[in-house]
Structure formats: C-alpha cells, structure tokens
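Protein chains get the first letters and strands the later ones, always in sequence-line order, with residue 1 at the start of each. Heavy-atom basis, side chains included; hydrogens, waters and symmetry copies ignored.
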There are 2 protein chains.
Amino acid sequence: MRQRYQLKQRPQRSRSYDSDDHERGACEWCEYALVITLATVLLIGVSALTIFWVFYYRGGYAWADDTPDKQFNLHPTLMVAGFVTFCGFSVLLYRICRCFRRIYVKLLHAIFHALAFPCIVIGFLAVLDYHNKKGINNFYSLHSWIGFVAMGLFGLQYAVGFFSFLLLLICNKGTAGFRASLVPIHAAFGILTFVLGVAACLTGLTEKAIFALGADRYSGLVDEGIIINAIGVSMVAILGVVMYILSREKFRPAEARERLTRTSVDL
Amino acid sequence: MRQRYQLKQRPQRSRSYDSDDHERGACEWCEYALVITLATVLLIGVSALTIFWVFYYRGGYAWADDTPDKQFNLHPTLMVAGFVTFCGFSVLLYRICRCFRRIYVKLLHAIFHALAFPCIVIGFLAVLDYHNKKGINNFYSLHSWIGFVAMGLFGLQYAVGFFSFLLLLICNKGTAGFRASLVPIHAAFGILTFVLGVAACLTGLTEKAIFALGADRYSGLVDEGIIINAIGVSMVAILGVVMYILSREKFRPAEARERLTRTSVDL
C-alpha cells in the first residue's frame with residue numbers, strides 16, 4: 001500500500017489550483033462554462049425574483065410597528081439570499097475558482113458565508129418580531145422546525161469550518177491529518193445545510209402562498225401564485241445544477257482530485 | 001499515466017463486494033452498524049408514523065365516491081412509502097449489501113425501485129381523482145410542481161438505469177466505458193430525485209397541516225400538528241443520515257473505491 005502511494009506522488013505545486021487547464025478539451029470547457037453560467041444566473045435570479053415579488057405584490061419593505069406585513073417581507077428575501085444565493089455560491093466556489101490558490105478559495109468561502117450570516121440572523125429576527133407584533137405563536141410549523149435545524153447546522157458548520165480550516169492553519173503540519181479527515185464530513189453537512197435551507201424556503205413559500213392568497217385564489221392560478229411557484233421551481237433547478245456540478249469529478253481542480261485519489265488508496 | 005494505472009491493478013475478484021471486511025477496525029464497524037441501523041429505523045419509522053397519523057387522526061383509507069377524504073389519505077401514505085422508504089433503501093443498498101455480488105445489488109436496487117413505482121403511480125392517481133371529485137384544480141401548487149418534477153425524474157432514472165445497467169449487460173465489454181461514465185450522472189440524479197421526493201413530501205405535509213387543521217389550530221400546536229411535523233422532521237433526519245452515509249468513503253465497498261481511484265487517476 002505504502003509502495004503504491006509513493007509511486008503515485010508528483011512534485012508539489014505550492015497548493016494551487018492551476019495547471020490542469022491544458023488537459024481540458026473544448027467540449028468539456030463548454031459543458032463547464034454552460035453549467036457554471038446557468039448556476040450563476042439561477043442563484044442571482046432567485047433572489048431577484050423574490051425581490052420583484054415583494055415589491056410588485058407585497059408592498060415592499062419596512063421595519064415599523066404599524067407595518068408588520070412589510071417587515072415580514074424581509075424574512076423571505078433575506079432567507080433566500082442567505083440560504084440559497086450566498087450559500088449556493090459558497091458551495092460552488094471550489095469548482096468556480098479553480099485557478100486560485102487554495103487558501104484564497106477558503107477565504108472566499110468564509111466571506112460568502114459571512115455575507116449569508118447577517119441575512120439569516122436579520123431574516124430570523126424579522127419574522128420573530130412580526131409574530132410577536134401579530135400575536136402569532138413561534139415555532140409551531142414544519143417550516144419553522146426545518147428552518148431551525150438549518151440555522152443550527154449553518155452556525156455549527158461555520159464555527160467548525162472557521163476553527164478547523166482557518167485557525168488551525170497556525171499549526172499547519174500538525175493538524176493536516178485532522179483537517180483532511182474533516183473535509184468529507186464538512187462537505188457532506190455543508191450540502192445537507194444547503195438542502196435543508198432550500199427545503200425550509202420551499203415549505204415557507206407554500207405557507208405564504210396559502211396564507212396570503214387563500215386556498216381559492218391559489219388554486220385559481222393567479223399571477224402571484226405562479227410567481228411564488230416560480231421562485232420555488234428556481235430553487236429546485238438550483239438543487240439540480242449544484243448537484244450535477246458537484247457530481248462531475250472532471251469539474252474538481254486537479255489537486256483536489258489527486259488528494260481524493262491518495263485518500264482512496266490509503267483507506 | 002498508463003504506467004501508474006497498471007501498477008495499481010490487483011487480481012480480479014469476480015466483481016463481488018467481498019473481502020475488505022478484514023481490513024475494518026472495531027470502531028469503524030460500530031459507526032457503520034450504528035448509522036445503517038439508524039437509517040433503517042428512520043426509513044421504516046417514517047412510513048409507520050404516516051400510517052398511524054392517517055388511522056388515528058384522518059379516519060383510515062377507502063376508495064369510493066362518498067369518501068373522497070379517506071381516498072386522499074392514500075396519497076401521503078403511498079408517496080412517503082415510494083419516494084422516501086423504498087427509494088431511501090434503494091439508494092443505501094450499495095452501502096448495505098457490501099458482501100453481495102454487484103449484479104445482485106443492482107437487481108435489488110431495481111426491485112426496490114419497482115416497489116416504489118406502483119406506490120407513486122397509485123398515490124398520484126388517488127390525489128388526481130380526489131381533486132376531480134371535489135372540483136379542485138390540479139397542478140396549481142408549488143407542492144404539485146415539485147412532485148411532478150420528482151415523478152418525471154424518477155421515471156427517467158428508472159428507464160435509463162434499467163436500459164443502461166441491466167439490459168446493456170448483454171454486451172458487457174462493449175458498453176463498459178459508456179456504463180462507467182454514466183454511473184456518477186445516474187447517482188447524482190438519483191440523489192436529486194430522492195431529495196426532490198422529500199421536498200415534495202415536506203411541502204405536501206405543510207399544505208395538509210394548514211388545510212386540515214386551519215392556521216389557528218396548527219399554530220396552537222395541537223397533537224395532530226405535532227405528529228405531522230414529526231413526520232417531516234423524520235424525513236429531514238433521513239436526509240441527514242443518508243447524506244452522511246454516502247459521504248463516508250470508508251462505507252463504500254472496496255471494489256467501488258478502487259474503481260473511483262482508477263477513474264480519478266485516468267481523468
């Protein structure tokens with residue numbers, strides 16, 4: 001096992017993601033460019049569509065005692081931005097920024113999550129305050145339970161990721177084994193957090209459509225109902241594109257593929 | 001590249017999943033047994049809980065013109081059984097049946113999906129007929145749109161899987177490259193189908209809770225609301241456990257790990 005491992009080693013390339021581009025064919029580049037562009041359009045589009053929905057059908061935003069409904073509008077907008085747009089880009093960074101040094105990708109990953117963080121916190125406070133102003137119970141619905149789990153996982157993942165993959169770099173060599181063993185767990189729970197965030201958004205949109213439109217208008221396929229459904233379907237499309245991108249071994253940077261290979265052989 | 005590939009080859013083991021068990025430590029076995037048991041309990045438990053909910057709170061099952069509500073009850077039960085329980089087991093079979101020959105695991109995978117198929121079809125017909133009897137529009141809600149995409153993907157995956165991984169075995173050697181290249185795509189879209197099935201169930205449960213209990217009773221945390229939420233949370237737990245199992249390289253059968261290694265090196 002050890003002998004085979006040593007035979008496979010290449011000269012180190014200063015832990016950067018360059019150099020595999022010349023091995024890539026035109027067809028593969030087209031596929032890569034197409035799906036990354038599609039993902040980008042969908043991730044930005046879903047937030048844009050939510051903002052359009054709020055301004056066109058729900059009266060825009062506010063945070064005052066006499067306009068709780070406008071305050072509520074911050075909740076879907078910020079949660080979609082935090083859990084879908086920012087988290088989605090953060091997940092895809094490891095496939096988009098293939099020519100960056102790995103530490104820069106890590107920092108960008110942390111920054112995108114840092115952008116998601118206030119969105120999620122303010123989005124959560126907006127609905128909590130709205131419920132209290134309206135005298136509605138908190139945490140009674142399946143949507144709120146899923147959202148609670150998603151927020152918990154997000155916080156845990158952020159703390160673990162920040163500590164393990166950034167702070168522990170102070171002792172780079174001593175913690176390499178620990179960090180390497182944590183990568184698949186962090187990645188799996190990261191994708192789970194993203195999926196749960198999307199599930200929370202989908203159940204939330206369902207609730208909002210029924211509460212805001214009523215069963216009769218919603219089942220009559222009014223314009224607003226179609227817009228709400230379109231936001232949900234965009235998220236489903238995002239899930240599909242993100243999972244496709246993550247499943248393509250060829251979209252991984254070469255260095256990450258080599259690491260995977262070494263891990264597989266050493267298991 | 002070719003040289004390294006040849007160096008890594010082991011004597012063929014008749015394409016079976018045996019023989020890596022002696023390399024496994026006690027701690028790893030415990031973890032494996034624990035998560036597989038947990039997944040099994042959750043996958044069976046979620047269907048059992050749905051049946052309990054229907055019998056205890058919704059009056060059981062029927063298919064007659066004068067009891068459309070009891071006919072509707074077939075919809076959640078069969079969709080949870082099809083999309084979550086059977087599909088969940090089918091996804092996990094490649095980790096559970098590690099000592100089986102690969103062709104048997106494939107056949108079991110096809111059989112579990114074949115069990116899910118009538119559940120999904122009858123579950124779909126039950127709600128379609130219920131809507132028509134009650135004069136409710138079809139396909140207006142986000143839940144129905146997600147469910148429609150999930151059913152489409154399920155049918156497509158089943159057809160592609162059956163044709164590519166079973167029928168094409170007639171010409172085993174000639175199609176090996178094609179089948180190998182299809183595996184990650186089939187796996188990614190399989191997991192996506194499973195996730196979308198769960199998302200459809202979660203949005204459906206949200207709809208049902210609001211329609212059946214009304215916003216006031218649901219927000220008052222009545223027993224039935226908690227049971228419905230518990231079914232949803234069980235599905236979230238299933239997503240977590242299934243993703244954890246799929247992310248653990250060590251839970252793959254040794255032969256599959258070797259195949260992954262070869263693919264990674266040859267890319």
Most contact-rich option vs chain B, by heavy-atom pairs under 4.5 angstrom, among A:Gly240, A:Gly232, A:Ser219, A:Ala230, is A:Ser219
Can you establish whether the number of heavy atoms outside A:Phe165 located under 6.0 Å from its atom CZ is more than 12?
yes
Is chain B contacted by the side chain of A:Val195, its backbone, both, or neither, given a heavy-atom distance below 4.5 Å?
side chain
Could you check whether B:Tyr32 and B:Trp29 have their ring centres less than 6.0 Å apart?
yes
Measure A:Leu192 against the heavy atoms of chain B and call it side chain, backbone, both or neither at under 4.5 Å.
both
Less than 4.0 Å between a side-chain N and a carboxylate O, is that true for B:Lys250 and B:Glu31?
no
By a 4.5 Å heavy-atom criterion (distance strictly below it), what part of A:Leu196 contacts chain B: side chain, backbone, both, or neither?
side chain
Would you call the rings of B:Tyr130 and B:Phe72 parallel, tilted or perpendicular if under 30° counts as parallel and over 60° as perpendicular?
tilted
So, are B:Arg217 and B:Glu224 salt-bridged, with charged N and O less than 4.0 Å apart?
no
With a 4.5 Å cut-off on heavy-atom pairs, point out which of B:Leu239, B:Thr206, B:Leu246 contacts chain A the most.
B:Thr206
Interface moiety of A:Ile231 toward chain B, non-hydrogen atoms closer than 4.5 Å:
neither
Given a strict heavy-atom distance threshold of 4.5 Å, which part of A:Ile146 is in contact with chain B: side chain, backbone, both, or neither?
side chain
Give the ring-plane orientation class for A:Tyr218 versus B:Tyr140, where under 30° counts as parallel, over 60° as perpendicular and anything between as tilted.
perpendicular
